[in-house]
Amino acid sequence: MGQFRQISTFVEVVNRGSLSAAARAEGIAPAVIGRRLDALEQRLGVKLLQRTTRKLALTDEGAAFLEDCQRILVDLESAEAAVAERSARATGHLLISAPAGFGRLHVAPLVPSFLAEHRDVAVTLNLNDRVVDLIGEGVDVAIRIASMSDSNLVSVKLADNHRVVVGTPAYLKRHGVPKTLDDLARHNCMTISSEGSQRGWTFREGDKNVTLKIAGNMSCNDGAVLHDWVLAGKGLAWRSMWEVGADIEAGRLKPVLNEFSAPGNDIYAVFAQRRHLPFRIRAFVDFLRHTYAQPGYWRKG
């Protein structure tokens with residue numbers, strides 16, 4: 001019980017921004033909160049928070065531990081709710097936000113199946129590529145493909161994700177298969193453009209990530225268009241497996257430079273910190289996580 005209290009106190013302090021705020025919420029003295037944090041850090045043998053009289057800052061170890069703690073607390077709350085609400089039904093309106101490309105392929109097609117299981121829920125799905133303000137815009141749950149660092153939000157990992165360089169077999173036959181990162185300079189590399197600038201491609205070289213400036217004669221701010229171009233054999237593209245996995249499985253595209261693949265931004269469901277999460281949100285997040293975990297899901301067309 002003491003270990004769980006230390007963990008929940010750590011999360012509460014980060015969410016509220018100070019020891020005193022967390023203490024007021026619990027109705028205890030700040031010194032008690034401080035002793036719990038000291039005990040947690042001593043037990044783990046690492047510094048989780050840099051504390052001064054003016055501000056609070058997570059260490060690198062603290063940021064990584066926070067994500068695990070938030071997931072544990074969410075899973076525990078879900079487990080308790082599942083027992084307490086075994087006979088309850090998911091009801092009400094669910095506002096979901098997702099990136100446009102990912103949402104079209106991997107959220108929108110699943111909504112009918114979810115609603116078939118939860119007939120008292122209505123869903124509004126907003127697809128856009130900006131980072132929405134969950135609280136300000138009243139969004140219940142957002143799907144994000146990113147490294148989660150916002151401590152004011154709860155994030156639940158739905159699936160792994162990584163990017164690969166792909167081209168059609170015909171293109172690679174004509175222009176050759178790149179074996180090294182330097183070989184990319186001899187290829188037409190099609191990129192995502194944003195506000196007039198092109199994004200680089202990130203790879204793992206040795207023990208560090210490197211971002212290369214890529215050259216090509218075609219760029220677009222829409223990933224679906226880039227996907228069409230690479231399928232048409234116009235060049236190479238750096239795309240997420242959630243987008244091109246089925247094409248690779250079917251032989252329409254071939255991945256190259258796999259040994260240089262960098263760890264990707266994973267797929268998360270995020271929602272505002274709540275002590276009593278509506279059952280419809282838990283049900284939807286669990287539905288996505290279960291579906292994405294099915295063998296072969298990401299390779300299906």
Check ion pair [X]-[Y] (N to O, under 4.0 angstrom):
X	Y	answer
Arg186	Asp183	yes
Asp160	Lys157	yes
Arg51	Glu41	yes

task = Before giving the answer on side-chain contact (heavy atoms from CB on, under 4.5 Å), spell out for Trp201 and Leu184 the whole-Å C-alpha distance, their side-chain angles and the decisive distance to 0.1 Å.
result = CA-CA 11 Å; Trp201 294 1; Leu184 290 174; 4.3 Å; yes
Testing the 3.5 Å rule here: is there a donor-acceptor pair between the side chains of [X] and [Y]?
X	Y	value
Ser240	His162	no
Ser219	Thr191	no
Asp247	His227	yes

ask   = Side chains of Phe65 and Leu58: closer than 4.5 Å at any heavy-atom pair?
value = no
ask   = Within a strict 4.5 Å, meaning less than it, do heavy atoms of the Val131 and Arg144 side chains meet?
value = yes
ask   = Quick one: are the ring centres of His187 and Tyr171 less than 6.0 Å apart?
value = yes
request  = Could you tell me how the ring of Tyr297 sits relative to the ring of Tyr292: parallel (under 30°), tilted (30 to 60°) or perpendicular (over 60°)?
outcome  = tilted
request  = Look at the aromatic rings of Phe114 and Phe284 and report parallel, tilted or perpendicular, splitting at 30° and 60°.
outcome  = perpendicular
request  = Using a cut-off of 6.0 Å, state whether more than 12 heavy atoms not belonging to Glu259 lie near its atom CD.
outcome  = yes
request  = Could you tell me which non-hydrogen atom of Pro178 sits nearest to which non-hydrogen atom of Leu257, and how far apart they are?
outcome  = O-CD2, 3.5 Å
task = Give a yes or no answer on whether the side chain of Arg36 reaches the backbone of Arg5 with a donor-acceptor pair at less than 3.5 Å.
result = no
